[in-house]
Amino acid sequence: MLSCGICCSSNPDTGERGMAIDVKRFLAQKLLETVGEDAGDPYGLIERPPKEEFGDYAIPCFGFAKKFKKDPKLIASDLASQITPGGLLAKAESLGPYLNLYIDRKVFTKEAILALRRTGFEEIRADGEGKTVVIDYSSPNIAKPFGIGHLRSTVIGGSLKRIFSFCGFKTVGINHIGDWGTQFGKLISAYRRWGDERALEHDPIRYLYDLYVRFHAEAEKTPQFEQEGREWFNRLEKGDEEARELWRRFRSLSIEEFKRIYERLDVSFDYYTGESFYEDLLDETVKAVKASGITQMSEGALVVPLPDMPPALIRKQDGSTLYLTRDIAAVLYRKKEYDFDVALYVVGSPQALHFKQLFTVLARMGKGWAERCHHVPFGQIRFADEAMSTRKGNIVFLEEVLDRAASLARGIIEEKNPGVRNKVETAEAIGVGAVIFNDLKNSRIKDIAFDWDEMLNFNGETGVYLQYTHARIKSLLLKLEKRYKIPGIEAVSDISFGEEGYEVARLLNEFEAQVRRARSEFEPSVIARYLLEVAKAFNGFYNAHRVITGDRDESLSRGLVADCCRKVLSQGLELLCIRAIEEM
RNA sequence: GUGCCCAUAGCUCAGUGGACAGAGCAUUGGAUUGCGGAUCCAAGGGUCGGAGGUUCAAAUCCUCUUGGGCACGCCA
């Protein structure tokens, strides 16, 4: 095996360890040996050229030109002639002001594939060792339906939890459900007036939603309903037995239903501590904020004046508290209980100001860890014709979307591959996977236009494409193992994997770096797009080279490439909460 | 009114100061008498919203501007 001194080593720039080959580090080292340390570490300058004919890596020499007062073209050509090929570096050429570096693709491909073959991704776990991240996501409101709008927070948060776990962090997933507030007074009031026990049992979420819609419709005509709703919430707060009982019932039935949806999405939580959980902590929270000496009275309310933004309201005129107060109580509780290093709030971008206020209040209270609390905002799902309105009742239920996706997948299975075992589970994995992937593939912050065709699309850059590629690799490997009567793919010879093989290996070698980027940017789409590239590269490879041939070594070495793709695809899909199926 | 976000191909979107801005969808044309055609290959398609500026170099950074979205003390 080639000993280049860079495989499976630590990266001195980041201190992060990994199985990947750090080509840039190797090339930077090579360059340092050639030019000396005067020019500084060129690591950050090394880039991948936009075209194949410019080599595998390149360094623009404009920066050196300034430093050495020399024509960058001359510097590039001098460097090209001075640098001695060896190890991973096959040759260096200059083209204009660029130094183009060509690596030994055959060696790189083999080393990268072997490194990936060996690893169980253990090294990346060191990143978060001993660290805890608390993630607040999904957080639906019980009195409102679980609509398509809740999908984003749920899958982005669910994916981030897996990404952090994969990187060795202890993760605490919290579903901060909206289980308190005046809307419960309305629900109780509506249920007492029109309630139907059996309808509630049958489909709690939808039934509660119908009640909610009906309440608002009737309250338009009969304003006293509103008053009645407020009174019932009042009774609930005071611990009225009847109100309490109904509230408990609405709550537990709803959570049961939510859990069923979370199971379909393969998303889970460690705690379902909603707003009601913090009710008892509010008094001491207000006291704590006051005690820090940052509050003022304003128009009868208790506020914290903030620089460059509206003041934060801690307590209303009437003495009751607000959303912000509950969030302060919650974060103090979480800090105390889990002692987190990082806290994430996966909540829509419209609440950006709220979180800015929350974190600023914490900082002003002297909580240094406030800077390690992050709002992870995302764009809203928009409807082309009309804005979604909970009250009016034009909402798309998430379950309906998942059901339609699964049944569409089922139809395609019947048409294309009716022999598949576990058709129901397979269709579910494909349909739900398509919906999740469609949500995770783009940058969080962009608004998404709701579009049935887009959401149920199974062609092109979709989760289905990744699952299909994975399933095909799996079936290919089974065939290969049978053909050569081996228990798994192990051997590798010295034969070339071809240009397509290099492209595959180059991408696979980036896996850890891509996961780290997704983690540091709180951006699952980084992984989603990366996996598309991997699948595309594999399909190119697969199309250009027969894997199972009469030559055993050739078959096995190509099979190894396929197996590494399978490994990255299945691990990557897991990070996106999408099932990597073996047959479809 | 103030603040934040977005604007790149017909559509949906990548693009972390570097060479001629890239994908998918859609359109058109190809590929398999052997590993799964839910695949692969190719073609056409661009004033990177506009104007200044910084820089050797700007889709990328700064200022202004246009269009769209969101938020702005007693909801969450």
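Numbers restart at 1 for each chain; the letters A, B, ... are given by sequence-line order, proteins then strands.
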Practice task
Between G46(B) and A9(B), how far apart are the C1' atoms? Round to whole Å, please.
Solution key: 6 Å

Problem - Between Ser320(A) and Asp318(A): side-chain donor-acceptor atoms closer than 3.5 Å - result: yes

Practice task
Dump the intermediate steps for side chain to side chain donor-acceptor pair (under 3.5 Å) on Asp327(A) and Tyr345(A), then the final yes or no.
Solution key: CA-CA 11 Å; Asp327(A) 266 357; Tyr345(A) 293 85; 5.8 Å; no

Exercise for the section: Decide, yes or no, whether a salt bridge links Arg506(A) with Glu503(A) under the criterion of side-chain N to carboxylate O below 4.0 Å. Expected result: yes

Exercise for the section: Answer yes or no: is there a donor N or O on one side and an acceptor on the other, between the side chain of Thr325(A) and the main chain of Leu322(A), under 3.5 Å? Expected result: yes

Practice task
Could you note down all residue pairs passing side-chain hydrogen bond (donor to acceptor under 3.5 Å, both in side chains) where residues 440-463 of chain A supplies at least one of them, sequence neighbours left out?
Solution key: Arg382(A)-Asp447(A)

Practice task
May I ask you to say whether Arg410(A) pairs ionically with Glu428(A), meaning some side-chain N is under 4.0 Å from a carboxylate O?
Solution key: no

Exercise for the section: Please state the P separation for the pair A59(B) and U16(B) - nearest whole angstrom. Expected result: 11 Å

Exercise for the section: With P as the reference atom in both, quote the distance from G45(B) to C40(B) in angstrom, rounded to an integer. Expected result: 24 Å

Fill in the blank from the handout: Stems of at least 3 consecutive Watson-Crick or G-U wobble pairs (donor-acceptor distances under 3.5 Å) involving RNA chain B, listed by first number, are B:1-7 with B:66-72, B:10-13 with B:22-25, B:27-31 with B:39-43, B:49-53 with B:61-65

Problem - Contact nearer the 5' end of RNA chain B, comparing Lys441(A) with Arg517(A) - result: Lys441(A)

Practice task
In whole angstrom, give me the gap between the C1' atoms of U60(B) and G18(B).
Solution key: 11 Å

Problem - Under 5.5 Å and under 30°: Phe62(A) stacked on A57(B) - result: no

Practice task
Rounded to whole angstrom, note down the C1' distance from C13(B) over to A71(B).
Solution key: 26 Å

Handout entry: Carboxylate-amine/guanidinium contact Glu414(A) Lys423(A), below 4.0 Å
Key = yes

Exercise for the section: For G36(B) versus G17(B), give the span between their P atoms, rounded off to a whole number of Å. Expected result: 43 Å

Practice task
Please state the C1' separation for the pair A58(B) and A21(B) - nearest whole angstrom.
Solution key: 12 Å

Exercise for the section: Please measure how far the P atom in A14(B) lies from the corresponding atom in C74(B), and state the result in whole Å. Expected result: 35 Å

Fill in the blank from the handout: Contacts of Glu521(A) and Glu454(A) projected onto RNA chain B by closest heavy atom; the upstream (5') one is Glu454(A)

Practice task
Sugar-phosphate means primed atoms, P, OP1 and OP2; the rest is base. With that split, encode nucleotides 34-41 of chain B 5' to 3' as B, S or - using protein heavy atoms under 4.0 Å.
Solution key: SBBSBSS-

Problem - Arg529(A) bridged to Glu533(A) by N-O distance under 4.0 Å - result: no

Exercise for the section: Please work out which of the three classes, parallel, tilted or perpendicular, describes the rings of Trp180(A) and Trp247(A), given edges at 30° and 60°. Expected result: perpendicular

